[in-house]
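To keep things clear, I will list the structure first and then write my remarks on it.
Order of the sequence lines sets the chain letters (A, B, ...), proteins ahead of strands, with each chain counted from 1. Bear in mind that the values here come from a model prediction, so they are computed numbers and not experimental data.
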There are 2 protein chains.
Amino acid sequence: MLCAVERPPFLLPIDKAGRSDYTCKRYHFLWRVCIKLWEMSTSPADQNTTLKEISRRLGISPSTVSRALSGQDLKRPQARQRAEEIRRLAAELGYAPNSIARSLKTNQRRLIGLIIPDIMNDYYATAATLVQETLAEEDYRVMLCVTNDDPRTEAMQMRVLREERVAGIIRVPAPQDPAVKMAPLRASPIPVVELVRRSSSHQFDAVLLDDVQAGFQGTAHLLELGHREIAIVLGPLSVETARQRLEGYRLAFERAQVPVNEALICSGPYRREVAYSVTLALLDRPHRPTAIIATSNELVIGTLQALAERGMRVPEEISLVGFGNADWFTLLRPSLTTVALPIRQMAVVAAHTLLARIRALHDPTAVEQIEAAPVVSRYATQLIVRQSTQPPAHGSSIRTDECL
Amino acid sequence: MLCAVERPPFLLPIDKAGRSDYTCKRYHFLWRVCIKLWEMSTSPADQNTTLKEISRRLGISPSTVSRALSGQDLKRPQARQRAEEIRRLAAELGYAPNSIARSLKTNQRRLIGLIIPDIMNDYYATAATLVQETLAEEDYRVMLCVTNDDPRTEAMQMRVLREERVAGIIRVPAPQDPAVKMAPLRASPIPVVELVRRSSSHQFDAVLLDDVQAGFQGTAHLLELGHREIAIVLGPLSVETARQRLEGYRLAFERAQVPVNEALICSGPYRREVAYSVTLALLDRPHRPTAIIATSNELVIGTLQALAERGMRVPEEISLVGFGNADWFTLLRPSLTTVALPIRQMAVVAAHTLLARIRALHDPTAVEQIEAAPVVSRYATQLIVRQSTQPPAHGSSIRTDECL
DNA sequence: CTGAAAGCGCTTACAG
DNA sequence: CTGAAAGCGCTTACAG
């Protein structure tokens, strides 16, 4: 049975149900012939122009076209003129070289993978922007992978990036799950630079914060103001950054010779809902803390939502220190005191580090660099005091002393 | 002159300046032989495993390996067992198929390009996330391109995406510049879906807002509250969305039978600094407006900064309507009245539209669909009244009446 | 300086 | 069911 279509072979075999069946033996040959005819009749603009097409039109070899377009400098004026002609025709035909074929041949890709937990988070959006811009300067493209902090998603994405043969990877590792094992990366020569967080293998270059300092700065500020009951809202302790921020928190208490109230240490996934309910729980305690530190952009949002819901006056009733430096922090009333994280700088450095590794990989004289131990750098954070912190109200202060 | 290195050929010709010179004729042959030897001695884990490598190890043909890994169902138990063996070895060697080679052969890429103005903007970050998630469900990857609303950057990125032979493109077009001409897209069969904004060619599917309604809703709300001197901060009028939002503004005035004060219509690039200085200028006028509408996420930020700098009390002294629905809008005090834009839904629809086009392109029976006119949909916006708007103070109101 | 040829790593009709 | 062969669109040593 046949039905008419507007494309070759114009008559198409269909089965009784009316569905076309290209594999139908009887029409197979006809089908192929028609496809060929169709392709020949089709205007070349409909297909992607190839080197071969250009060379055919000019009656020269594809090699010559390739060389002309790659801009090899020629000496003989005759050759130059010909190259000019080739370029003109290429432009006219809208020739766009097939970078897939080129990559396959040259075994080089100007593409890197960027793996981040969440792009709606101001902090990572900033990182993504800067990585993208820095790499664009060197003519590298970015493939964007969002993990939502799920280790399985991340493992899948690592595999995809390997299959894509990206030149390198910049990633903020997801929290690790012993159940999910990553394919051994040693097997592939793809350079990886870790940003913000470090995975436990410790085999990659990493551009990190001084997280201990970050935790310390926020806590010390509140201690100096006279707070004693300081709650801290942390990410999961399986993430090294969260552990280190806690370490900084403890260190500040130790230096101030004030004992830590373990009940005020809260930890959970980096999601606003978590920070929201954790903060509500903190506020509903009989002895509520006089200050809170929320240790990430997401956690700040949840904490602010909870404070708003309970109608807490900041900083009169409770002080708040945020982490990061989203633009809207300054638009809040009171504006938010925060531990600013130099993510822009870090993103740029991560991109440059990766580019250096990629270059070393293509340069056989740089063996030492390739096999050198991973480079880990840590960036200082900076406390920015705004309006959301002040000394604790007298009442709370006394109550706190009673607790001790 | 020679120097020793740890990689083949172990002795490397170097010139007088100590730089290595691989093209040196004398050592060229030696060099190639050594490379070969090195490659043979190298453990296969250092190279990316190929089908050929697997087939060599098992003494079978690459075809068979390819078929086994692509999971063709086999009937004979003997064949099944062999396939199992092949898969096991592949896993053991950490085989990751080269998707470049596969794409070159099959002429199909599971990669789409996403072009957006700015990823630090909450609005576009949300769009990017949803596009990425929706496409990931269908196993498509996303190449991220940020234009900063620069038409030249956009044109370059379109070219790169063509060269990458992406399966499709979702883009928020940058404002158009007559000086920059895009390569004719008709020449390539890459489907494009436009999101949020529509380029002037009107040849692509587009998923848009009802921008007239959006402008209308915000303005009508303020008019109903009794405001007459309502300033509007718009993006560049070369962007259709900005023109249409303005149209909605005018329409609301017309319906309310109130004349428009043209001096209160401000337009400029979608950047916070612009909105900031525009707003300062508005506030410094002798007859300042009693209300402002900022028609994008970026513009809202700039306007808020200016209001804060002048210490304006919102809504007592001036009312403010924002656009979009960033989470932090609700954390402001007063929380922000806004025209919410259904960007999440739109991003998902754009992704599905693109997927449908891609499928149609691979299905020769769907000619009609391919050549059908572009599909344009517009999504309704929704006014969310919060705390930043209230009727104008009596004084201002009278002053306004005096003006008329 | 140019062209013929090989080959990057796959897939897939074709012949056995 | 399997293997030999062709070919996707490029680049690039090699021989003229």
Which listed nucleotide (D/dG3, C/dC10, C/dA6) is nearest to the side chain of B/R82?
D/dG3
By nearest heavy atom, map B/S61 and B/T106 onto DNA chain D; which one lands nearer the 5' end?
B/S61
Assign B/N107 to base, sugar-phosphate, or nothing according to its heavy-atom contacts below 4.0 angstrom with the strands shown.
nothing
Measure CZ/B/R67 against P/D/dC1 and give the value in whole Å, please.
11 Å
Closest non-hydrogen atoms of B/L161 and B/I190, given as atom of the first, atom of the second and distance, are O-CD1, 4.3 Å
Nearest whole angstrom, please: distance from the C1' of D/dG9 to the CD of B/E163.
13 Å
What is the distance, rounded to the nearest whole Å, between atom NZ of A/K52 and atom C1' of C/dA6?
15 Å
Just to be sure I understand the rule, does A/T50 reach a base, reach only the sugar-phosphate, or reach nothing, if contact means heavy atoms closer than 4.0 Å?
sugar-phosphate
C/dT2 phosphate, OP1 or OP2, under 4.0 Å from A/S63 side-chain N/O
no
Lys/Arg N to Asp/Glu carboxylate O, B/R141 vs A/E163, below 4.0 Å
no
Looking at the side chain of A/A101, which of D/dG3, D/dC10, C/dG9 is the nearest nucleotide?
D/dC10
Rounded to the nearest angstrom, tell me the gap between atom CG in B/N98 and atom C1' in C/dG7.
14 Å
The side chain of B/L51 lies closest to which of these nucleotides: D/dC10, C/dG3, C/dC10?
C/dC10
Taking for each residue the nucleotide of DNA chain C bearing the nearest heavy atom, is the 5' side occupied by A/P77 or by A/P62?
A/P77
On DNA chain D, nearest-nucleotide positions of A/P97 versus B/I60: which is more 5'?
B/I60
Under a 4.5 Å cut-off applied to non-hydrogen side-chain atoms, are B/E194 and B/P173 in contact?
yes
Which one is paired to C/dA13, where only Watson-Crick or G-U wobble pairs with both distances under 3.5 angstrom count?
none
OP1 or OP2 of C/dG9 under 4.0 Å from side-chain N/O of B/Y95:
no
Quick one: A/R56 CZ to C/dG3 P, roughly how many Å, whole number?
16 Å
Should A/T64 be listed as having a side-chain N or O under 4.0 Å from OP1 or OP2 of C/dT2?
no
Expressed in angstrom and rounded to an integer, what is the separation of B/E164 atom CD from D/dC8 atom P?
20 Å
I need the CD1-C1' distance between A/I100 and C/dT11, as an integer number of Å.
15 Å
Side-chain heavy atoms of A/L93 within contact of A/R57, under 4.5 Å:
yes
Tell me whether B/R109 is salt-bridged to A/E164, with the criterion being a basic N under 4.0 Å from an acidic carboxylate O.
yes
Thinking salt bridges, do A/E53 and A/R56 make one under a 4.0 Å N-O criterion?
yes
Closest to side chain of B/L104, choosing from D/dT2, C/dG9, D/dT11
C/dG9
Quick one: B/Q108 CD to D/dG7 P, roughly how many Å, whole number?
20 Å
